[in-house]
Amino acid sequence: MATQKVSPEDEDALFKNDEEDGDLTPSESESEEEEDDEDDDAEDEDVSALTENQRRMLYIIASYTKPSLADQDKSEWIRRNALIVLIYEAIVGGDPDNRKPPVLEYDYAPSSQLIEGRRVWLNVPHEGISDVDYLCEEGLVQVLKMASDLHSSITAYQVTSKGQQIVDRLSKIDKGPVNELVYAPGTKDLMMVTWEMDETVTDGTGGTFHLVNQKSADGYEYQSSITETEDVSYVSSAYIPLCLRQGGRPTLSNAHRAHESAAGEMQIKDVLDEVITLNSVSVIVSEFMPYGANNMVTTNDNLGSQQRVQGGLFTPSVETDKVATKLYIKPGMTKVDILDYSLSNHVNFEAEINEPEDGGIVQIEQFGISLNASGACFYGMQIEAVQDRIRDGISLDQLSRVLVDVQSDSSVVVDTIITKHQLDLEKLIFRDDEENRSKVKLIVANEIVPHLLAEEYMDKGEYENELRQVIGDTKTAYDISEHDVLIFGEEGLMLVGPNSRHHEPLLCSFLEVMNIDIYTRTFYQRLFFEVDLVRQMKSRVFNADSDPDTVPRTRREMAAASVHLTMLEEVLGYMQEALEHVHIPPEPPESTGRQLYTRLDIPRMKEELSVRVRDLQKIMKGAWEEFQILREVTNNARDAIWFRLNEQIQDNTKLLCDLQEANQKGTNALEMMQISLGGLLAFATLDRVTGDWTVMDTKWASSLSNFITGSPAW
């Protein structure tokens, strides 16, 4: 076949025509190929920049979420609690009856989380949450914050288009293990996380998470072990800061028994990566509780502070048979020894928990308790040993398990000695979840290993994740001296260094303010929860015509709401008094103390709390106004019902009168008919008896007949 030679002019013309037709020149085509290669290289770099855990985490989120493709479509998000459950199951290998190799390599530690208005202990993988935060920072995942009807916020996550591009390029090595976790075996049905609450259990384990295939009637399902907190063996002694003591003997030490924990077992299934350890650790867990002088007198009476034999054994059991000869008490009593007290102001005592533990677990649990009329409650513990670590080298992973016991057991102990009215107030504020109420944690240690600058602990990595296990999400960290570091967390703070114990008055004052702050948040939610109930009752009363039982039921609920508002107003008074009694120590003269005083900033916190409490008083007044409106609306609805009822009675009475008149007329007509029928019957009887009898045979009838027939008219 012959070829045609193209001149340079014709070649230029062809290229020009190609450009006009939208085709690319060779140079442009090469340039686009280079750009595509650069884009591919950039995407490959994005994938390779993520760790294996982060890639798999991104794929898990992408499996459960979907952005909306049109204005009418609903986007899909995954809730934070559900994601935590999935991360935990990825760590332990999924179904306990068919464990698989771990999908994610993270540590986890127990943390108190809010689930449907109740606090539940969950094994939270803080490293996993940190990786989720990293994905959000990189724009691969977006966060949604939504308010709930319980006046708390809900967090949810969704993969972004940028994140989806990376997911599409993931290999089977990353996707395969995740698919085995998130999909039901042999199907493409996603396993959904569900929560089942057990109202009968109030120790923070009252419920379970389940992973369920909801697309099948008899679908695959298994229960997660995320709510099963793990115990460790430890030995502790009572610890009460000297600034809280007012005489009395010193606390006893269990240091001579520290070796006993080494012989005990621990239930931790995961292999822990210890990054930070502490030496000579003291722990204080604190809270605010409505108290006052009279309640303190009753508490001292309950403890037997003024008796010859002080203290004794206490149990949370409640006896109903008050005259029986014997008492039968389950194991799990607390031994109390009074240290010092003033009848209406405070009491300090040691509490030794004698709770039966699972086989092999050794826990010698003794902590000091300081209760004050201002409402400040402190529960202190000196860690003598955890497992085989005696006094020093205490792992934060193991310490987090110890803190679970301190928080739970301190609530049980103090709830057995406070007054019933105080317990009723706590039940109201925490909505029958008072055993799991939030507390502030203070961790004091003589040394932290490794010792770094404060900013180095806030690395958004392994150091910060370790700290999260004991003080919650970290906020800030400061160097208050060359050897002392102060770290703030969402659930408390940590002060480590050789001078840490010299500042107990400042730390206790800070805890006192922090406790009121947390209690104020809880009170705010509880108050608006009650206001919502009042508004719901009001809207129901407006539709009272549809249900005749609405007003009586509402009046019963109003009685309960009135009691609740009265108790809330009382608690608000206790909070205001507590703020007035907060003592702020003077600024220390040494540089370390001044630095700590500045960082804690207690005067500013106290002033802000005073403003918030005054604001709550306004809201409280508004709540009573809402209640008064509800009362008026209910009374109006009741009056309207009575008015309509009276109208109906009046109409019914008039109708009865009309019926009575009609009945009377009918009776009269019936009597006339009876007379007529009686006469006819009499005539018929005579006719039958005589045979030919007729009225015309009578004289009068004959005369009448003759008269009629003889008349001209006839």
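Of the possible donor and acceptor atoms, none in the side chain of Asn465 sits under 3.5 Å from a partner among the backbone N and O of Ser130. A donor-acceptor pair under 3.5 Å is formed between the side chain of Thr65 and the backbone N or O of Val159. Formation of a donor-acceptor pair under 3.5 Å by the Glu221 side chain with backbone atoms of His210 is not found in this model. In this structure, Glu230 contributes its side chain and Met266 its backbone to no donor-acceptor pair below 3.5 Å. Lys441 places no side-chain N or O within donor-acceptor distance of the main-chain N or O of Ile471, the cut-off being under 3.5 Å. Ser509 contributes no side-chain N or O that, together with a main-chain N or O of Leu506, makes up a donor-acceptor pair within less than 3.5 Å. Between the side chain of Glu127 and the backbone N or O of Asp107 there is at least one donor-acceptor pair closer than 3.5 Å.
For CD of Glu455, the number of neighbouring non-hydrogen atoms (other residues, nucleotides, ligands) closer than 6.0 Å is 12 at most. More than 12 heavy-atom neighbours from other residues, nucleotides or ligands sit within 6.0 angstrom of OH on Tyr478. For Glu137, the CD atom sits in a packed shell: over 12 heavy atoms of surrounding residues, nucleotides or ligands are nearer than 6.0 Å. The 12-atom threshold is not exceeded at NZ of Lys460, counting heavy atoms of other residues, nucleotides or ligands nearer than 6.0 Å. Leu453 CG: more than 12 foreign heavy atoms inside a 6.0 Å radius. Annotation for Lys606: atom NZ counts as buried by contact number, over 12 foreign heavy atoms lying within 6.0 Å.
Contact check on Asp615 versus Arg612 returns no salt bridge, with no Lys/Arg side-chain nitrogen under 4.0 Å from an Asp/Glu carboxylate oxygen. Ion pairing between a basic and an acidic side chain is recognised when a charged N comes within 4.0 Å of a carboxylate O; Lys100 and Glu180 show no such pairing. The pair Arg468-Asp133 meets the salt-bridge criterion, with a side-chain N (NZ, NE, NH1 or NH2) lying under 4.0 Å from an Asp/Glu carboxylate O. Arg56 has a carboxylate O that lies under 4.0 Å from a charged side-chain N of Glu52, or vice versa, which qualifies the two as a salt bridge. Salt-bridge check for Arg389 with Glu274: passed, with a basic side-chain N closer than 4.0 Å to an acidic carboxylate O.
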Which is it for Arg521 and Asp517 under the salt bridge (Lys or Arg N to Asp or Glu O under 4.0 Å) test, yes or no, and what are the steps along the way?
CA-CA 6 Å; Arg521 298 170 190 265; Asp517 173 73; 3.1 Å; yes
Under the criterion side-chain hydrogen bond (donor to acceptor under 3.5 Å, both in side chains), I'd like the reasoning laid out for Asp168 against Gln164: C-alpha separation, chi angles, the key distance, then a yes or no.
CA-CA 6 Å; Asp168 294 338; Gln164 188 62 50; 3.0 Å; yes
Would Tyr379 and Glu287 count as a side-chain hydrogen bond (donor to acceptor under 3.5 Å, both in side chains) if you check the C-alpha gap in whole Å, the side-chain angles of each, and the deciding distance to 0.1 Å?
CA-CA 9 Å; Tyr379 316 99; Glu287 66 174 334; 2.5 Å; yes
Steps toward salt bridge (Lys or Arg N to Asp or Glu O under 4.0 Å) verdict (Glu490, Lys475):
CA-CA 7 Å; Glu490 187 178 10; Lys475 296 180 179 178; over 6 Å; no
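Counting heavy atoms from C-beta outward, Asp433 and Asn436 have side chains that approach closer than 4.5 Å. Within the 4.5 Å cutoff, side-chain heavy atoms of Gln387 are placed close to those of Val232. In this structure, the side chains of Phe288 and Ile518 stay at 4.5 Å or more apart for every pair of heavy atoms. Using a 4.5 Å cut-off on side-chain heavy atoms (C-beta onward), Phe430 and Arg526 make no contact. Residues Asp601 and Phe510 are not in side-chain contact: their nearest non-hydrogen atoms beyond the backbone lie 4.5 Å or more apart.
For Phe528 and Tyr524, the distance between ring centers is under 6.0 angstrom.
A cation-pi geometry, defined here as NZ or CZ lying under 6.0 Å from the six-membered ring centre and within 45° of its normal, holds between Arg431 and Phe529.
Taking every heavy atom of both residues into account, Glu464 and Asp459 meet most closely at N-OD1, 3.1 Å. Residues Met605 and Leu600 come closest through the heavy atom pair SD-O, 3.7 Å.
Looking at Ser411 and Glu435, their side chains never bring a donor and an acceptor atom within 3.5 Å of each other.
A tilted orientation is assigned to the rings of Phe209 and Trp195, their planes being inclined by 30° to 60°.
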